[in-house]
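Each remark here refers to the structure printed beneath this line.
What's counted below: heavy atoms across the whole structure, side chains too, no hydrogens, waters or symmetry copies. Count residues from 1 along the sequence.
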Amino acid sequence: MVRGRTPPPPESPERRDPTGAITVINARERAGEARDTAELLVGSVGLAVQDSGGYGQSKSLVVRGASSNGVLVFLDGIPLNGAGGLSDLSLIPSALVERFEVLRGGAGARYGSGGLGGAINIITRAPGPDFRTSGEVTYGSWNTALGHVAATGPLLGGQALLLVHAGRSDGDFAYDVDDLPAVDGNPQVSERRARNDARGGGALLRYRTRLDGGSRLDALAELSLEDRAIPGTVQNPQSTGDQALGRLALGLRWSGMLDGLGQGSARGFFRRDGLEVTGLIPGAGGAQRHSVGGVELEGRGPLGEHQSLTVTVATSGERVTQARDAQSAAWWRASVMAMDEVRLFDGRLDVVPSMRLERVGPYWLLSPKLGASVELGRGFGLRANAGQSHRAPSFLELYIRQGTLLPNPGLKPERALYADAAVMWRSDTEDSEAAAPRWAFTLGGFAALYENLIAYELYPPLMARPYNFDTARVWGVELEGEARPFSWLLASTGYTYLRTENRYGDPRFFGEDLPYRPRHKWVGRVRAGPDWLNARAEVLYQSAQRINRTGSLDLPSRTLVSAGASSTVLRGPDVTLSVELKNLLDVRTFDFTGFPLPGRAVYVTLAVALEPGASPSSSTREPHDSPASPVP
């Protein structure tokens with residue numbers, strides 16, 4: 001039970017992992033600020049974004065030192081990680097997102113193979129009971145133009161939402177570079193980053209209805225298409241080459257009460273991804289198709305007055321085909337999970353052991369976990385977790401080329417032993433039903449030992465290849481704070497210290513930091529003003545990070561300052577104008593290939609929402625699935 005609000009949905013991280021390190025990010029509160037999901041996640045503690053360009057270019061996450069392929073990403077519970085384990089956040093525009101549920105730390109026991117560093121569930125915008133239409137257009141630097149239209153309302157005894165989105169960006173910008181770095185005093189010359197363009201679009205359809213007995217049925221269909229240029233590297237720029245990507249995701253979920261047994265849910269999903277690299281890219285593979293589908297059954301019921309048991313059974317199959325050389329591979333996975341939640345001392349202490357047994361292709365994986373949380377009084381609490389997670393290398397990583405990503409048949413399964421603990425404090429709220437306190441702070445530490453850690457390294461001139469780091473140690477500290485002293489003022493901060501150490505026996509790498517893991521990251525955000533007129537500012541600092549195992553190449557530290565303002569200039573229909581200034585100081589940062597990332601940028605967004613029958617003074621915010629929403 002979460003006091004002061006109704007229990008969160010069964011699929012939310014608060015219920016799936018009651019003692020986990022969880023951050024919930026409300027994307028609707030940051031409307032007009034971001035173009036893709038990576039921009040909304042980059043400020044979260046424990047997370048680092050691997051960025052390879054501007055709008056539409058590949059973006060992935062590192063969580064608590066785990067590689068991008070060791071972080072699970074879901075779209076309303078549908079797994080988005082490709083067969084190679086990577087999930088590209090650039091393919092998910094911010095217009096689709098209602099909120100993010102971020103679980104940091106080993107997620108193998110609850111989410112399965114691949115959750116070495118954590119899991120992120122992207123919750124899409126939900127349908128509402130009243131008819132409402134909305135639209136939004138954004139235009140800004142580098143001829144970037146984005147837009148979406150949405151409609152929601154009653155349909156066939158339930159509620160439906162349809163959202164269509166599209167976007168494009170030229171992405172080209174000027175930068176200075178030293179073309180002869182070995183010559184002292186050599187003047188910099190002006191270059192232009194070309195082939196940074198991208199275009200794409202898609203649609204989201206959601207439907208939900210209540211069934212007899214109070215249960216609920218949710219359906220989802222999501223389509224995403226994108227085409228982006230391949231720039232190459234600074235040393236080997238490309239004049240041709242494009243990546244065409246596509247995704248179709250389908251999901252159906254039933255949730256309700258099981259007579260005399262408790263709560264249950266059943267989910268079925270199907271996802272099909274497409275990838276094709278065209279142009280004169282050396283050795284580029286042909287069209288590739290990845291299909292995955294599966295079902296998951298879950299039940300949760302009481303075992304006496306102070307204990308409850310959750311059992312999950314899941315199975316899925318996936319297949320990859322590639323036109324060139326007629327490559328094809330398929331395998332099957334199945335798992336069973338049990339989680340026992342014991343509440344002691346009038347619910348002030350929760351002890352939560354869990355375990356998942358999983359079969360992934362030819363590998364058997366066992367992921368146990370023990371978590372505990374305790375309420376200390378006066379708003380203070382403690383939580384701690386320890387366990388083991390796995391990630392089996394996929395057949396893509398082992399045998400099949402993925403565009404510019406090369407396979408490595410010598411890969412071994414990854415394993416992570418992890419532990420974390422934190423102390424939390426939340427102030428009381430004036431309204432007992434309020435979901436967020438006025439003041440909240442969390443200070444925690446974590447440690448992990450990775451065995452056979454799989455990470456991608458640049459394989460000149462244009463490719464990347466996964467390698468095993470025999471053993472790697474990771475430890476760090478996370479600090480989160482949020483203040484809501486007034487209804488019109490919100491301030492938050494987050495700091496992450498991350499220390500990584502390669503324990504690989506090769507003396508060239510032993511004891512060195514792992515690539516793409518900055519030691520320090522700090523972010524501070526302030527938002528002030530009522531809904532009809534507000535301003536915001538953000539400062540993000542990230543320390544230097546290496547881009548190879550030897551430490552001979554690195555990316556410099558960066559401090560990015562952004563600011564923006566929004567005003568609802570008209571009610572009924574609601575018309576909101578937003579201006580966003582990114583990277584005010586024009587700091588030039590770089591991607592993992594050494595290419596510079598975009599500098600200062602300006603975006604203007606116009607949003608319109610119409611709800612027939614609503615009074616101009618009434619709130620017309622769209623309904624959403626909040627973590628506190630009741631579940632049948």
Side-chain angles (χ1 to χ4, degrees), residues 11 16 69-88 91 107-116 119 121 218-224 245-254 265-276 285-299 311-323 325-338 356-367 389-402 405 407 409 411 413-414 454 466:
E11 69 272 18
R16 293 181 67 88
N69 49 26
V71 179
L72 294 173
V73 180
F74 301 88
L75 184 73
D76 287 329
I78 300 174
L80 292 184
N81 294 66
L86 294 169
S87 182
D88 187 352
L91 300 178
R110 288 303 277 132
Y111 293 93
S113 173
L116 299 182
N121 194 14
D218 289 85
L220 175 144
E222 190 262 343
L223 174 67
S224 175
L245 305 104
R247 178 182 66 243
L248 173 65
L250 304 173
L252 184 65
R253 181 177 181 274
W254 172 90
S265 67
R267 183 195 304 276
F269 70 90
F270 172 82
R271 196 189 80 242
R272 183 176 177 87
D273 296 333
L275 167 66
E276 184 171 6
Q288 183 176 287
R289 300 291 181 265
H290 172 223
S291 300
V292 57
V295 296
E296 179 186 89
L297 305 177
E298 183 167 293
V311 177
T312 303
V313 178
T315 183
S316 63
E318 55 185 311
R319 181 178 183 86
V320 169
T321 58
Q322 186 160 299
D325 302 326
Q327 290 183 299
S328 179
W331 64 14
W332 165 84
R333 61 190 295 174
S335 65
V336 58
M337 189 283 306
R356 179 182 292 265
L357 177 63
E358 193 168 13
R359 172 79 172 184
V360 181
Y363 307 103
W364 282 101
L365 308 175
L366 181 65
S367 298
S389 291
H390 296 272
R391 189 181 84 85
S394 71
F395 43 77
L396 275 181
E397 292 172 313
L398 292 169
Y399 307 117
I400 296 181
R401 179 175 181 156
Q402 309 168 71
L405 299 180
L411 291 177
E414 297 175 293
I454 298 175

Using the side-chain contact (heavy atoms from CB on, under 4.5 Å) criterion, which residues pair with [X]? Sequence neighbours excluded.
X    : answer
A221 : L205, L250
L297 : A266
W364 : L357, R359

So, do [X] and [Y] sit near enough that their side-chain heavy atoms are less than 4.5 Å apart?
X    : Y    : answer
L365 : V360 : yes
V313 : E296 : no
E414 : H390 : no

Without swapping roles, check the side chain of R391 against the backbone of N69 for a donor-acceptor pair under 3.5 Å.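 Looks like yes, one N/O pair under 3.5 Å.
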
Can a donor-acceptor pair be found, under 3.5 Å and without considering hydrogens, that links the side chain of H290 to the backbone of G274?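 Not a single qualifying donor-acceptor pair exists.
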
side-chain hydrogen bond (donor to acceptor under 3.5 Å, both in side chains) partners for [X], two or more places apart:
X    : value
T312 : E298
S335 : R356
E358 : R333
W332 : T315

Run the side chain to side chain donor-acceptor pair (under 3.5 Å) test on S291 and R319 for me, step by step, so that the C-alpha distance in whole Å, both residues' side-chain angles and the decisive distance to 0.1 Å come before the verdict. CA-CA 5 Å; S291 300; R319 181 178 183 86; over 6 Å; no

For F74, enumerate each residue passing the ring pair (Phe, Tyr, Trp, His ring centres under 6.0 Å) test, keeping only those at least two apart in sequence or located in another chain. Y111

Let me confirm one number: the CG-OG distance from L116 to S389, rounded to the nearest 0.5 Å.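 OG of S389 is found 6.0 Å from CG of L116.
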
State the CG-CG distance between N81 and D273, to the nearest 0.5 angstrom. 10.0 Å

List in chain and number order the residues that pass salt bridge (charged side-chain N to carboxylate O under 4.0 Å, His left out) with R247, two or more places apart in sequence or in another chain; answer none if no residue qualifies. E222

